[in-house]
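Read through the structure below, which is laid out as structure tokens, and then see the notes.
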Amino acid sequence: MNPNPTNEPIYICGPTASGKSSLAIKMAREHDGEIVNADAFQLYRGLEIVSAAPSAAERALVPHHLYGVLDPTASADAQLYVKLASPVISEIQSRGKTPVITGGSGLYLKFLTHGAAPLPTGDAALRAEMDSQSLEDLVARLQQLDPLEASRTALQNRRFVSRALEICILSGQKASDLRDGWEKQTAEISSKLRGFVIQRTREDLHARIALRTKAMLEGGALQEVAAMSAISSNCEKAIGFREVRSLVNGEIDRATCEELINAATRQYAKRQETWFRREKWLVPKVV
RNA sequence: GGCCCGAUAGCUCAGUCGGUAGAGCAGUGGAUUGAAAAUUCACGUGUCGGCGGUUCAAAUCCGUCUCGGGCCA
């Protein structure tokens, strides 16, 4: 008998290095499920070690989907992720299995669970143009085009200002109008979701991060990055990528590399905890 | 053994002419609907190595001790 007759997805969230992969495998086995990636960087091919994607041994235990499916030169975003994940999830359900969706990319998960606001997709050329302008000019332009959006945007955050402006320019409408209304039904959606967020003490998490970084460096991260360093892509933003490249290039020593990765990973984990803390539908799972 | 330099936040250090101290990093909390492993905001009490002394007032000047580092024996 299927313990989950509805085949509704189970979400496994939590900060990096908290043990999402193994919990997902456990849940998948208990619920006759298959695992779907929700990690922005594990999507990429050739970044398995640096992004700490599930190992071959782990993948052999349960079917895994959406790992290493993007070319390193491809650019991804939350909407593309939903486009990739939705059919995979439906397909799993159609076979009577339960999708176990796991990953630490809060925004991607949010799009998947709560849908996308009706906004235009980012435009690389426009972004490049905006990147060459001063923040003051971008802010002034946003204040002119959409004062309401400007008033509720963190104007020191160039990314947020650019995005708001981008929406106005590409759509010909006010970002504030397009964004309004989107959040109205989130509470209702949330009430129907089921998922867990792994919780660990900071001390424990930091220790796990340190162990993982060490394993990563000993487990082929240098070769992986060396193989990819000719490619300019989103992968360069992965924590560990630049640090390992600096190590490979002899700019820093191994101990420094390790500590830089650890610090960046700790900071990332903290941001993830902040994000998931707001997702009240996630049930804390103390490990 | 003698001389010199150093000791200030978890770390690296700044601190003017004596007026009880502040940067970066780390850390903590927050924001975050199409770059998100991204981007961004806020948060700084610490025996100023110890003990004496001078002074209205000492991280700052003097003495001494301790611990580093160096030079000379």
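Residue numbers start from 1 in every chain, and the chains themselves are labelled A, B, ... in the order their sequence lines are given, proteins ahead of strands. As the structure is a computational prediction, the values presented were derived from the model and not from experiment.
- Counting any heavy atom pair closer than 4.0 Å across all strands shown, A:Ala76 reaches sugar-phosphate atoms only and no base atom.
- For A:Leu70 and B:rA35, the CG to C1' distance is 14 Å, given to the nearest whole Å.
- Using a 4.0 Å heavy-atom distance criterion, A:Ala154 is classed as making no nucleic acid contact.
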Quiz item: Starting at the 5' end of RNA chain B, what dot-bracket string do you get if Watson-Crick and G-U pairs under 3.5 Å are bracketed, crossing pairs use [ ], other-strand pairs use | and unpaired bases use dots?
Solution: (((((((..((((.....[..)))).(((((.......))))).....(((((..]....)))))))))))).
Practice problem: Could you walk me through whether A:Val197 and A:Lys285 pass side-chain contact (heavy atoms from CB on, under 4.5 Å), step by step? | Solution: CA-CA 6 Å; A:Val197 55; A:Lys285 184 103 178 167; over 6 Å; no
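- Rounded to whole angstrom, the span from the CG atom of A:Leu155 across to the C1' atom of B:rU39 amounts to 14 Å.
- Nucleic acid contact for A:Gly115: base, since at least one base atom lies under 4.0 Å from a heavy atom of the residue.
- The side chain of A:Gln42 lies closest to B:rA37 when the candidates are B:rU39, B:rG34, B:rA37.
- Residue contacts shown for A:Ser51 include a base, since a base heavy atom lies under 4.0 Å away.
- Across A:Ser171 and A:Ile167, no two heavy atoms sit closer than the pair OG-O, 2.6 Å.
- Take the nearest nucleotide of RNA chain B for A:Tyr268 and for A:Phe111: the residue whose nucleotide is more 5' is A:Phe111.
- Using a 4.0 Å heavy-atom cutoff across all strands shown, A:Val82 reaches no nucleic acid atom at all.
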Quiz item: Checking salt bridge (Lys or Arg N to Asp or Glu O under 4.0 Å) for the pair A:Glu273/A:Lys270: CA distance, chi angles, key distance, verdict?
Solution: CA-CA 5 Å; A:Glu273 288 186 329; A:Lys270 194 164 73 63; over 6 Å; no
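- Considering all non-hydrogen atoms of both residues, A:Ser22 and A:Gly19 come closest at OG-O, 3.3 Å.
- Among B:rG34, B:rG27, B:rU39, the nucleotide with an atom closest to any side-chain atom of A:Asn157 is B:rU39.
- At least one side-chain nitrogen or oxygen of A:Arg202 sits closer than 4.0 Å to the OP1 or OP2 atom of B:rG29.
- Each of B:rG29, B:rA37, B:rC41 was ranked by its minimum atom distance to the side chain of A:Arg277; first place goes to B:rG29.
- Considering only side-chain N and O atoms, A:Thr274 lies under 4.0 angstrom from the phosphate OP1 or OP2 of B:rG30.
- In this structure, A:Tyr108 does not reach the B:rG34 phosphate: none of its side-chain N or O atoms is under 4.0 Å from OP1 or OP2.
- A:Ser176 and A:Asp146 share a side-chain donor-acceptor pair at under 3.5 Å.
- The 5' end of RNA chain B is approached more closely, in terms of each residue's nearest nucleotide, by A:Ala263 than by the other of A:Arg212 and A:Ala263.
- For the OP1/OP2 pair of B:rA36 and a distance below 4.0 Å, the side-chain nitrogens and oxygens of A:Arg159 include no atom meeting the criterion.
- Classified by interplanar angle (parallel below 30°, tilted 30° to 60°, perpendicular above 60°), the ring pair A:Tyr108/A:Tyr81 is parallel.
- A straight line from CG of A:Asn234 to P of B:rA36 spans 6 Å, rounded to a whole angstrom.
- Under the 4.5 Å side-chain criterion, counting only non-hydrogen atoms from C-beta, A:Leu193 is in contact with A:His114.
- When heavy atoms are screened at a 4.0 angstrom cut-off, A:Ser105 is found touching the sugar-phosphate backbone but no base atom.
- B:rG52: glycosidic angle beyond 90° from 0, hence anti.
- Within 3.5 Å, a donor on the side chain of A:Lys270 pairs with an acceptor on the base of B:rG29, or the reverse.
- Here B:rA38 presents its C1' atom at 16 Å from CZ of A:Phe241, a figure rounded to the nearest Å.
- The interatomic distance linking A:Glu166 (CD) with B:rA35 (C1') rounds to 9 Å, in whole Å.
- Between the CG atom of A:Leu260 and the C1' atom of B:rU12 there is a distance of 14 Å, given to the nearest Å.
- With both ends at atom P, the span from B:rG69 to B:rU12 equals 14 Å, rounded to whole Å.
- Taking atom CG of residue A:Leu107 and atom P of nucleotide B:rA36, one finds them 8 Å apart after rounding to whole Å.
- Contact annotation for A:Arg271: base contact, defined as any heavy-atom pair under 4.0 Å involving a base atom.
- Counting non-hydrogen atoms under 4.0 angstrom, A:Arg163 reaches a base of the nucleic acid.
- The side chain of A:Gln267 contributes no N or O atom lying less than 4.0 Å from OP1 or OP2 of B:rA37.
- We find that CG of A:Leu84 is positioned 13 Å from C1' of B:rG34, with the value rounded to whole Å.
- Looking at every heavy atom in both residues, A:Thr102 comes nearest to A:Ala24 through CG2-CB, 3.8 Å.
- Nearest nucleotide to the side chain of A:Arg266, out of B:rA26, B:rA31, B:rA37: B:rA26.
- For the residue pair A:Gln143 and A:Ala150, the shortest heavy atom distance occurs at CG-CB, 3.5 Å.
- The side chain of A:Arg179 places an N or O atom within less than 4.0 Å of a non-bridging phosphate oxygen (OP1 or OP2) of B:rG34.
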